[in-house]
Amino acid sequence: MNRAEKAGLQLQAVAVLRMLKQTRTYDELAAVTGLPAGDLNRYVNGHVLPGTDRAREVVDGVGREALASELRARVTVDEEGYVDNSSVVFDQSFLDLVAPVAVETLEFDRPDVVLTAATDGITLGAAMASHFDARIAYAKKSKETAVEEFIESRHRLASGIELTYYLPATAIDEGETVLVVDDLIRSGETQELLLDIAEQAGAEVTGVFTLIAVGREGLDRARAFTEAPVGALTTFEE
Ligand SMILES: O=P(O)(O)OC[C@H]1O[C@H](OP(=O)(O)OP(=O)(O)O)[C@H](O)[C@@H]1O
Ligand SMILES: Nc1ncnc2[nH]cnc12
């Protein structure tokens with residue numbers, strides 16, 4: 001780990017601790033993290049940075065669980081199992097916190113491009129791309145004006161309606177690496193289209209990540225299309 005990566009990890013741990021501290025006393029934070037309350041006070045106030053091992057423990061161990069439960073507390077699920085996650089996808093600061101934790105715990109390699117689907121995947125995609133210093137690309141259900149060439153992927157849904165996503169052909173170069181992300185996966189049809197677009201571009205997929213999986217079908221479907229890691233921050237049972 002070089003110095004910049006070490007500093008990045010230390011600052012991620014501080015961001016996670018600050019988020020957890022918002023609803024906890026230092027003693028409660030000590031109970032969650034297993035770290036002394038006095039040290040936590042110094043980290044949260046920015047007087048001292050946690051060492052690399054402690055920072056990794058916070059980001060890997062505490063971070064993922066804490067962010068998943070924060071996410072679950074924010075979303076609502078209606079009686080048909082549809083999820084309203086607008087309070088998460090509209091909150092760029094929260095997504096900026098999720099990105100490094102997801103990357104550390106699911107062990108995604110740095111991609112050249114983070115690929116997502118408009119609309120609701122865009123803010124998570126931006127957070128992931130910013131974390132990796134990678135480009136973002138989002139496929140849309142309509143063609144952008146003035147773009148001459150598109151990669152398109154079409155799929156007939158169970159209802160018979162056809163779904164097509166379009167990506168400007170210049171968004172991904174052949175041989176580049178791509179991390180595919182979205183806010184939510186349910187049937188996996190959207191991920192299948194994104195993975196097909198990545199394949200048409202001649203890209204190598206480094207992983208698939210979603211904030212929420214509703215049931216297992218979508219993740220299993222994505223796994224059938226790539227050997228790269230596929231994961232969700234949290235899964236809701238159907
Ligand atoms: O796994 P699937 O069954 O394909 O469902 C997941 C997709 O559905 C939602 O997008 P939606 O199509 O509602 O578009 P939006 O982001 O513009 O709301 C969500 O943001 C995912 O992209
Ligand atoms: N918001 C949502 N909740 C559950 N399933 C979905 N499929 C597509 N969008 C969804």
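In this chain, numbering begins with 1 at the start of the sequence shown. Atoms within each ligand, like the ligands themselves, are counted from 1 in listed order.
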| task | Output the distance between atom CZ (Phe90) and atom CG (Asn85), rounded to the nearest 0.5 Å. | result |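 Rounded to the nearest 0.5 Å, the CZ-CG separation comes out at 8.5 Å.
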
| query | Out of curiosity, Gln12 CD to Asp60 CG, how far, rounded to the nearest 0.5 Å? | reply |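 Rounded to the nearest 0.5 Å, the CD-CG separation comes to 9.5 Å.
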
| Just checking, Arg186 and Phe236: is the charged tip under 6.0 Å from the six-membered ring centre and within 45° of the axis? |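 Judged by the rule, Arg186 and Phe236 form no cation-pi pair.
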
| Using a 4.0 angstrom limit on heavy atoms, which residues are close to ligand 2? |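 The 4.0 Å shell around ligand 2 contains Gly81, Tyr82, Val83, Leu184, Arg186.
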
| query | In terms of side-chain geometry, is the basic nitrogen of Arg64 or Glu104 positioned less than 4.0 Å from the acidic oxygen of its partner? | reply |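 The answer is no: the pair does not qualify as a salt bridge.
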
| message | What I want to find out is whether Glu237 reaches Arg216 closely enough, with some N-O distance under 4.0 Å, to be called a salt bridge. | response |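 Counted as a salt bridge, because a side-chain N and a carboxylate O are separated by less than 4.0 Å.
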
| query | Is there a chain of hydrophobic side chains (I, L, V, M, F, W, Y, each step under 4.5 Å between heavy atoms) that links Leu11 to Leu40? | reply |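 In one cluster with Leu11: Leu40, no.
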
| message | Using the rule side-chain contact (heavy atoms from CB on, under 4.5 Å), only one of Val88, Thr234, Ile185, Leu233 pairs with Ile212; which is it? | response |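 Among the candidates, only Thr234 passes.
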
| request: Write down, by chain and number, every protein residue that brings a non-hydrogen atom to less than 4.0 Å from an atom of ligand 1. | output: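 Residues Ala118, Thr119, Asp120, Lys141, Asp182, Asp183, Leu184, Ile185, Arg186, Ser187, Gly188, Glu189, Thr190 each place a heavy atom under 4.0 Å from ligand 1, listed by chain and number.
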
| Residues two or more places apart in sequence or in another chain: which of them pass side chain to side chain contact (heavy atoms under 4.5 Å, CB included) with Asp39? |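 Asp39 satisfies side chain to side chain contact (heavy atoms under 4.5 Å, CB included) with Pro36, Arg42, Tyr43, Arg54 only.
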
| Of all pairs that satisfy salt bridge (Lys or Arg N to Asp or Glu O under 4.0 Å), the ones with a partner from residues 106-125, not counting sequence neighbours |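 Every pair satisfying salt bridge (Lys or Arg N to Asp or Glu O under 4.0 Å) with a residue in residues 106-125: Arg110-Asp112.
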
